[in-house]
Amino acid sequence: MKAVAASSELGARRIISRQQSLFLSKRCNATGETSISFRPRPYPSTLVTYPVSHWQRNITAGFHTCRVLSETENKFRNGDPSELQSNISRPLITAEDEQLRKEDDDDDDDRYGRFDDDENDDLWKEYYNSDQHVTKSWNDDSSDVSLTKRLWLDPKSPLKERVNRFVNSPLGSLHHLDIKIGSIDLIKQCGKLHSFQGMKYAQDILDRLIEEKRHVNANNTWPVMVVPDRPFQYVMYSWANLCRRVPFASQRMREVLDIMIQENADDKETKERILKERSKSAPDDDTDNQNPILTSEDTTEDLFADISCQPTVSTYNTLLQGLSQAAMRSIQSAIEAEEVLSVMEKMHRNRGWHTKPNTRSYSLVLNAYAKCRHDSAGERAEKVLRDMIQRHEQDIEAYRTEYQEDYDLQTMDNNRRRIVTPDVVAYTSVIQAYGNSQKPGSAEKALALLSELIHSDNPAVQVDAFAFANTINVYSKMAAKKASPESRNQAAMRAEKIWWLYVEELEKRMGDESGQSNLEASIVPFNAALKAIAASFTKQSPHQTEELLFKLLEQNNPNFHIYPDTISFNTVMQAWANASKVETSTGPERAEDLLKLLKTSALDDDPSRRVHPNVQSYVIVMNAYAVSRRTDSVAQVHRLLTELLGEARERLFKEDEIINAVPFTVLLKAVAKSNKKENDNEAAAEDPFGVGMDERDKLSMDPYSVAFQTYSEMKFDVHGLGVQPDHFAFAAMLDVIAVHTDMDSVERRQRVNEVFEDACQAGQVSSLVVRSLQSACPNEAFLNELLQLPRGESVTSMETVNVFQRQWTRFVPPQFRRVTKRKDSFLAKTSSKPFQRSKDRGENRNGNKHIDNERMPRKVKQAAKNKDFIF
DNA sequence: CTAGGGTTAG
């Protein structure tokens, strides 16, 4: 009878698993009748429970069951259909998955390390070296268990098969170490896929463990089997890693936590039931003892059963970690993170769980506020910080009364346990949070926190370079956002002042040998200050950045170990590039002067003063020319590209510096910006730059041909750099065609067709490509034919590039999938060239507006338009 | 459960 129930459970589980959207759990109720429950996704707190007989009936019905399930499911999913949709029947690895993985490549084993205990090493050895066949089940008396090969141990097998074998292994056949270790290893690897499919596997494994537990405990054996907290925690952790990209990932984490809590409660119940059961049915079995607890040799096992999957600090910290990632989408997650802190507190107080928030818990909440862009984030974060400080003081008191000694803030290792301690990192997160606020006074509050750090005599709270850099960044953001050039410059100057404050503190502490100070010499605050000035976008800013750079280059204190690096130079060069859009600007030359300076610095006698240019340095200068209004911009950019490729050929760049499509794209951009007619006139002009013969040949090429040559160099990777055009490149090339061919020419159609096909093949059809394609196509019919849109569909009604076949958009990053709506598609466009038009529009907009019409950065313009800030 | 926080290009 039990076997029937068990197999029907398994069947039900499989069916539900196929549905992919239900989270199954099973439990025995008080009367011992088994029922199976599931949670419809959008409402995890709703538990739908059927007695096992229901499942038995429906399993025989086969296909019908799925139907029944879907209907039940549908009832619950009115809220969020997209959520479910995204989870249903995906191929093993989807394009999005591919993208997800690409984005977070840095994520590997050591991040999981936090859960790993050294003590498990021995277990592992025992486990892995043990017979590859099942020798021992949970109860150790499983002679009738079939000898199934434990494929999931074999790291060489495909993950899919390993998971399948694990999940579908017969109930009762799992080795206890399969549960404690094998499952965790599998879940980890599933989580590493960073895919929905992987997450489904992970959840399946977890389900399977719970299923095993139910099955084993149904036999009233002792000790009671439990599923430990770690598998749950790893599933949560895997979701946490998806929180930045996947809107509902944090919801999934909460579900797992809910189930954990419920399972923990169930385990307690089960234990009591079995105890009662055993003392009733076999009171005389063991003549010595009636109480199985006392007969059990392995008391740790029993202890373990008591705790089972009870959430711990680290469980909640995992949740917080996810929420802090999710906070980038909305402040709501950060607020929720803050609420989790009090939940942890409450669970600790009321249930005696080990969930008292620790330093890391608070940090994660602060970090959540630092990441979310919201005006109130700074103040909320500061409140949490103040709570934390208060908490700290309370805990110090409590520690003193508990141990009759003071908590040692100096040497943490001397303490008997850790207490919540605010530190630089906590402060720095709050400073960051203020940086996202446009409320007046936010930056000042950030600065106040910095000075609190500087003057702190608490050994646990000491300023470091991070704190300075972050405060500078707050002003840097302000410098980029303010409407008037004066206030932008003012903010930039405040940023610079903080850099000097850093220098001052650094020198002050240099003689100090107390060893207390964390303050290291770092170039980062300096670069942050440079960036702030560059971002202020005034007429003076490039000059100011350069001046500051030279101050540091020329300083000559042998005790002072901060010297500009490549980023410093690049930032100043970028400031010049930003200024280059204006007519008669000398920005490009000034940027190039710095590039030359970089090249000579690379050969400096003093090794500490050697600074090398990198690919980015070239790109910045090239871009300065590209955006300038010089008539020779294409030639200049081409010259620099050639130079860059030459340096690359001679391996002058660091090995880890790979050349991507960016430099090539800049050239295309230059060509697209160059007006066709102007260049027809210029074509005959003599080369004014006295370059060599070979170079002259190239320079005399017309820009359109240069663009095509560059395009194919990129496409066929003729320089052997591993370069592939990406969607920026394809879009830029389409722009080139739009500007340099006649609207109704055959050339236009052929070239557009060709480039678009390349983009499709490369899986790079992004919103940028679509927009450029729209401008390049002679008419709507041609466009629709290229895009193969179904009848009735049009580009103007299109919202994302996801409507295309997956193949075309395989490698498009998510932020370039959304198509920006443009009302004018073909109506207004007959004669004018796309770039002229957008230029005109820009000028008009500037003309209508008041302030500093040349220098306003785009963001400022938009903000000014919305009247978001008036100071 | 020592992690949690900082800088440049199309």
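What you see below is based on every heavy atom in this structure, not just the backbone, and it leaves out hydrogens, waters and symmetry mates. In what follows, every chain begins at residue 1, and chains take the letters A, B, ... in the order their sequences are listed. Treat the numbers as computed from the prediction; the structure is a model and nothing was measured.
- Against DNA chain B, the stretch residues 520-528 of chain A makes heavy-atom approaches under 4.0 Å through S522(A), V524(A), P525(A), N527(A).
- To the nearest angstrom, C1' of dA9(B) lies 13 Å from NZ of K531(A).
- No hydrogens or angles were tested; on distance alone, a donor-acceptor pair under 3.5 Å links the side chain of Q616(A) to the base of dT8(B).
- Rounded to a whole Å, the CG atom of L366(A) is 11 Å from the C1' atom of dG5(B).
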Donor-acceptor pairs under 3.5 angstrom involving side-chain atoms of residues 721-733 of chain A: please list them, not counting sequence neighbours.
from	atom 1	to	atom 2	distance (Å)
D726(A)	OD1	F728(A)	N	3.3
D726(A)	OD1	A729(A)	N	3.2
H727(A)	ND1	S766(A)	OG	2.7

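- Taking E336(A) as the reference, R254(A) meet the salt bridge (Lys or Arg N to Asp or Glu O under 4.0 Å) condition, with sequence neighbours excluded.
- Per the geometry, CE belonging to M573(A) stands 12 Å off P belonging to dG10(B), to the nearest Å.
- Residue F653(A) contributes atom CZ, which lies 20 Å from atom P of dT8(B) at whole-angstrom precision.
- Residue-level contact check: D464(A) touches the bases, meaning some heavy atom is under 4.0 Å from a base atom.
- Computed from coordinates, the N570(A) CG to dG10(B) P distance equals 12 Å when rounded to whole Å.
- With sequence neighbours excluded, no residue forms a salt bridge (Lys or Arg N to Asp or Glu O under 4.0 Å) with D593(A).
- Straight-line distance from the CG atom of N317(A) to the P atom of dG4(B): 11 Å, rounded to whole Å.
- Within the 4.0 angstrom heavy-atom criterion, base atoms lie near A465(A).
- Residue pairs meeting the side chain to side chain donor-acceptor pair (under 3.5 Å) criterion with at least one member in residues 519-535 of chain A, sequence neighbours excluded: N527(A)-D565(A), N527(A)-S568(A).
- The listed nucleotides are dG6(B), dA9(B), dT8(B); the one nearest the side chain of N660(A) is dA9(B).
- The OH atom of Y711(A) sits 16 Å away from the C1' atom of dG10(B) (whole-angstrom rounding).
- If you check the side chains of Q233(A) and R230(A), you find no donor sitting under 3.5 Å from an acceptor.
- Counting any heavy atom pair closer than 4.0 Å across all strands shown, A661(A) reaches a base atom.
- Heavy atoms of T359(A) sit under 4.0 angstrom from at least one base atom.
- Closest approach to the Q321(A) side chain among dG6(B), dT8(B), dG4(B) is made by dG4(B) (side chain taken as heavy atoms from C-beta onward).
- The backbone N or O of D408(A) sits less than 3.5 Å from a side-chain atom of N415(A), completing a donor-acceptor pair.
- For A469(A), the listed nucleotide lying nearest its side chain is dG6(B); candidates were dG6(B), dT8(B), dG5(B).
- Distance OH (Y316(A)) to P (dG4(B)): 21 Å, rounded to an integer number of Å.
- For R391(A), the salt bridge (Lys or Arg N to Asp or Glu O under 4.0 Å) partners at least two apart in sequence or on another chain are E345(A), D395(A).
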